[in-house]
Student: 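My questions all concern the structure below.
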Protein chains: 2
Amino acid sequence: MPATGRTGSTGSTGRPAGPVTRFSATVELVPVIISVDQTTPKLLTVRSPAHIAGQGRGAAALPSGYLDDALDRTLEQGVRRLVANELGLPVRYFEQLYTFGNRDRAPDGRALAVAYLALARYQPVHGPGEPEWRSCYDLFPWEDWRGGRPRLIDDVVVPALERWLATSPAGVLPTRTERAELTFGTGQARWDPVRALDRYELLYELGLVAEAAAGGKREAGGPRQGAGVTGGALAGDGLEGLGGLGVPLVFDHRRIAAAALERLRGKLAYRPVVFEVLPETFTLSTLQQVVEAFAGQHLHKQNFRRLVATANLVEPTGEAHVRTGGRPAELYRFRREVLRERPAPGLGLRRLGGP
Amino acid sequence: MPATGRTGSTGSTGRPAGPVTRFSATVELVPVIISVDQTTPKLLTVRSPAHIAGQGRGAAALPSGYLDDALDRTLEQGVRRLVANELGLPVRYFEQLYTFGNRDRAPDGRALAVAYLALARYQPVHGPGEPEWRSCYDLFPWEDWRGGRPRLIDDVVVPALERWLATSPAGVLPTRTERAELTFGTGQARWDPVRALDRYELLYELGLVAEAAAGGKREAGGPRQGAGVTGGALAGDGLEGLGGLGVPLVFDHRRIAAAALERLRGKLAYRPVVFEVLPETFTLSTLQQVVEAFAGQHLHKQNFRRLVATANLVEPTGEAHVRTGGRPAELYRFRREVLRERPAPGLGLRRLGGP
DNA sequence: GGAGGATATGCTCACACAGAGTATAAGTGC
DNA sequence: GCACTTATACTCTGTGTGAGCATATCCTCC
């Protein structure tokens with residue numbers, strides 16, 4: 001299958017079996033652009049053309065576009081160009097996320113989506129396609145634990161999980177039980193903020209997100225690993241709104257967004273990515289609020305300060321920031337040098353422990 | 001750029017600009033199949049057709065192949081099918097690695113490579129294309145520190161780094177110095193086994209790997225981030241063999257392999273992936289040797305046992321394994337249940353600390 | 001201008017765990 | 001029997017995390 005040559009084979013070797021049957025596909029680039037507004041983590045959505053997904057006015061979608069073979073030497077350059085040209089948004093961090101290529105992820109022929117996580121400072125975005133910042137937790141309301149355990153988990157998710165388990169064949173019951181407990185922290189397992197993609201995919205299998213209906217018809221926008229839909233939709237639940245938890249996006253875009261949230265949360269612990277959404281100077285409280293916004297959890301304030309201090313990630317500017325009420329906080333600046341000083345200069349939030 | 005519809009635009013929005021100028025490209029699937037033979041980590045290579053890369057008999061390459069749109073619902077299914085059909089190798093773990101899409105990564109037209117990390121138990125492989133297990137450290141001799149700091153680092157790499165720094169413009173000198181120290185652990189920074197890809201890419205920029213010559217002509221198989229070649233080749237060095245450190249692979253395949261090694265090393269700490277290359281039962285010494293093989297470092301034996309024990313990753317079988325000389329070791333078995341018990345059931349080798 | 005509230009900042013304690021070393025057990029070969 | 005090799009158990013110590021208490025400095029309101 002060294003299909004790297006012009007005349008190779010269909011298989012893994014140089015077996016001289018005639019001309020190569022290459023595989024070509026549409027390739028789209030999908031940036032998941034994330035920022036934060038005050039204490040709300042946001043991501044950028046656009047309106048898909050109205051005829052897509054059979055919804056009026058055009059359903060919400062992630063921005064996406066095509067590589068320009070002439071202009072873009074690398075994939076990342078392509079994403080950068082798209083975001084710069086079409087949205088005019090200065091993005092401060094890019095990272096390739098995952099390549100989604102399920103056959104049925106788009107309705108008209110196989111298209112590969114190379115997704116990127118992008119971080120930007122919050123600013124208004126204008127342009128065609130109605131770009132709009134949207135709270136990440138509109139898409140994933142079960143992910144925000146800052147106000148305590150979200151009600152919909154006990155009201156909707158847990159009952160659905162229990163039905164799922166109750167109708168499980170005995171063979172897979174232990175597996176499913178442990179998966180459910182681990183993913184949603186229901187048993188003795190603790191809620192792990194990072195497993196955002198796992199949770200979305202399990203909710204998909206449970207039929208609790210709107211995309212599951214369309215996806216079921218299209219076979220599976222479902223599990224990432226191609227494990228097949230093992231749950232089966234449990235439609236007609238106590239779901240919110242129009243038939244599913246949270247705001248859906250077209251196709252598998254919400255899955256892509258979930259992957260981005262998972263990656264971002266995981267990165268918080270060992271890479272100083274938060275600073276890419278913050279202004280030049282900021283208070284430690286602001287820093288903490290932003291981390292909490294992304295993590296979806298409150299953190300112990302004093303320990304957080306100690307962490308930031310010992311990590312040597314920031315330096316004081318000497319100035320102070322006055323807010324309403326309370327002692328003014330000192331303003332800090334990100335020490336960008338640490339990127340080259342230490343291997344893993346993150347906020348070592350091992351378990352993202354909250355109070 | 002919601003190019004998800006049939007009639008979209010060229011940009012980030014629904015601007016009605018006529019029919020979509022979609023982008024299509026050849027997409028190949030590239031599994032990096034890794035295993036271990038005794039204490040040697042190995043990866044599977046094949047022979048590319050002889051005319052590729054202008055080398056006799058066909059240079060070594062990673063296996064690769066094409067998706068079959070009819071057969072493969074998901075990308076991972078495609079990789080599984082390729083490996084099963086062409087190599088007949090039972091692979092026990094798959095994970096998408098990265099998508100490589102630099103314009104010049106292949107000589108004849110843009111081809112995207114969706115790379116997968118694959119883990120298998122070691123067994124002979126037959127088939128067309130001359131599949132062959134090859135030591136990972138043939139490709140990356142600087143990565144194996146089990147016999148102490150590899151000589152070629154001080155003999156070849158460090159001098160090249162010093163020349164690189166000596167010829168640096170003052171503006172980028174601090175950046176480069178810190179990058180060099182962090183990547184190769186030369187300054188006060190410690191060697192971080194995980195940064196295998198960073199090291200390969202820096203060596204590429206330094207012109208110390210054979211691919212840099214061809215890649216330089218082709219603009220850049222170079223840095224992953226598309227940062228451009230900032231170093232410039234320093235040809236005519238004290239390089240080994242045929243003009244570069246380690247055994248080269250065709251195109252950017254060695255970069256892909258480096259990415260796989262990096263991912264694998266990173267995963268060791270928080271996912272029990274080692275067991276996928278081990279037989280059903282094994283001794284703790286064997287387990288440690290395999291981890292050491294992948295990590296390229298020796299580990300403190302007693303602490304390793306404690307780690308494995310407290311992590312509850314294995315259970316004794318009751319049987320013992322007799323080897324030549326010394327007390328017989330007990331045989332253990334992987335407790336696959338832990339995958340569902342704890343969020344991150346790895347061998348918490350935070351810094352992969354050796355003795 | 002003093003009280004009370006709010007936020008920022010500093011310090012301490014307990015505990016878990018990683019790193020490193022020492023000691024003992026159970027085989028082999030002579 | 002002995003020397004040698006490998007496996008396994010236990011101890012000690014420093015670091016860093018989780019949690020709580022205490023103090024500082026501003027605001028607003030009376």
Side-chain angles (χ1 to χ4, degrees), chain A residues 38-39 190-191 193 268-270 281-289 291-292 295 297-332 342-355, chain B residues 38-39 190-191 193 268-270 281-289 291-292 295 297-332 342-355:
Chain A
Q38 310 289 343
T39 63
R190 287 182 55 173
W191 176 270
L268 286 178
Y270 64 97
T281 63
F282 47 83
T283 68
L284 293 186
S285 291
T286 304
L287 174 60
Q288 180 172 359
Q289 282 170 1
V291 172
E292 289 175 338
Q297 277 204 337
H298 281 303
L299 303 170
H300 188 281
K301 184 161 187 166
Q302 294 89 330
N303 290 347
F304 182 83
R305 310 186 105 255
R306 182 179 57 187
L307 209 57
V308 174
T310 60
N312 208 17
L313 285 169
V314 298
E315 61 191 358
T317 64
E319 296 168 41
H321 176 76
V322 241
R323 288 183 54 184
T324 63
R327 174 175 170 176
E330 190 158 12
L331 283 173
Y332 288 81
R342 287 181 299 118
L347 304 163
L349 309 169
R350 306 221 175 287
R351 279 122 198 170
L352 288 164
Chain B
Q38 311 289 343
T39 64
R190 288 183 54 173
W191 175 273
L268 287 179
Y270 64 97
T281 63
F282 46 84
T283 68
L284 293 186
S285 290
T286 304
L287 175 59
Q288 179 173 359
Q289 282 169 1
V291 172
E292 289 175 339
Q297 277 203 337
H298 281 303
L299 303 171
H300 188 279
K301 183 161 185 167
Q302 294 88 331
N303 290 346
F304 182 83
R305 312 186 104 256
R306 181 178 57 186
L307 210 56
V308 174
T310 61
N312 208 17
L313 284 168
V314 298
E315 60 189 359
T317 64
E319 296 169 39
H321 180 245
V322 240
R323 290 183 53 185
T324 63
R327 173 176 171 175
E330 189 157 13
L331 284 172
Y332 288 82
R342 287 182 298 116
L347 305 163
L349 310 169
R350 304 219 177 290
R351 279 121 199 171
L352 286 165

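Chain letters run A, B, ... following the sequence lines, proteins first and then strands; every chain starts at 1.
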Student: Using modelled atom types and a 3.5 Å cut-off, is there a donor and acceptor pairing between side-chain atoms of B/E292 and backbone atoms of B/L299?
Tutor: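 Such a contact is found between B/E292 side chain and B/L299 backbone.
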Student: Nearest-nucleotide wise, let me know which of B/T286 and B/N303 is further upstream toward the 5' end of DNA chain D.
Tutor: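 Its nucleotide being nearer the 5' end, the pick is B/T286.
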Student: From C/dA26, C/dA20, D/dT17, pick the nucleotide closest to the side chain of A/L307?
Tutor: D/dT17
Student: Between A/A295 and A/L268, what is the shortest heavy-atom contact and its length?
Tutor: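 Scanning both residues completely, I find the closest heavy atoms to be N-CD1, 4.3 Å.
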Student: Choosing from D/dA19, C/dA18, C/dG21, which nucleotide comes nearest the side chain of A/H300?
Tutor: D/dA19
Student: In this structure, how many angstroms lie between the C1' atom of D/dT6 and the CD atom of B/Q288, rounded?
Tutor: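 Taking atom C1' of D/dT6 as the reference, CD of B/Q288 is at 12 Å.
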Student: Quick check for you: among D/dA7, C/dA8, C/dA18, whose closest atom lies nearest to any side-chain atom of A/A329?
Tutor: C/dA8
Student: Can you find a side chain N or O atom of A/K301 that sits less than 4.0 Å from OP1 or OP2 on C/dT9?
Tutor: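 No, A/K301 has no side-chain N/O under 4.0 Å of OP1/OP2 on C/dT9.
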Student: Grab the CZ-C1' distance between B/R305 and C/dA25 for me, whole Å please.
Tutor: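 Result: 12 Å.
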Student: Could you report the tightest heavy-atom contact between B/T310 and B/L307, atom names first, then the distance?
Tutor: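 Nearest pair, atom of B/T310 first, then B/L307: OG1-O, 3.2 Å.
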Student: Measuring from atom NE2 of A/H298 to atom CD of A/Q289, what distance do you get when rounded to the nearest 0.5 angstrom?
Tutor: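 Nearest 0.5 Å value for the NE2-CD distance: 9.0 Å.
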Student: Select base, sugar-phosphate, or nothing to describe what B/S285 touches, counting heavy atoms under 4.0 Å on all strands.
Tutor: sugar-phosphate
Student: Under 4.0 Å from OP1 or OP2 of D/dG16: is there any side-chain N or O of A/T310 that close?
Tutor: no
Student: Roughly how many Å is it from CZ in A/F304 to C1' in D/dG20, rounded to a whole number?
Tutor: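 About 19 Å, once rounded to whole Å.
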Student: Can you tell which of C/dC13, D/dT25, D/dA9 lies closest to the side chain of A/R306?
Tutor: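 Taking heavy atoms from C-beta onward, the closest nucleotide is C/dC13.
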Student: Nearest to the side chain of A/E330, heavy atoms from C-beta on, is which of D/dA19, C/dT9, D/dA7?
Tutor: C/dT9
Student: Quickly work out the B/Y270 OH to C/dC17 P distance and round it to whole Å.
Tutor: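 So the OH-P distance, B/Y270 to C/dC17, works out to 21 Å.
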Student: Check B/Y332 against B/T317 and note the closest heavy-atom contact, atom names and distance.
Tutor: C-CG2, 3.9 Å
Student: Need to verify one output field. Residue with the more 5' nearest nucleotide on DNA chain C, A/Q302 or B/Q302?
Tutor: A/Q302
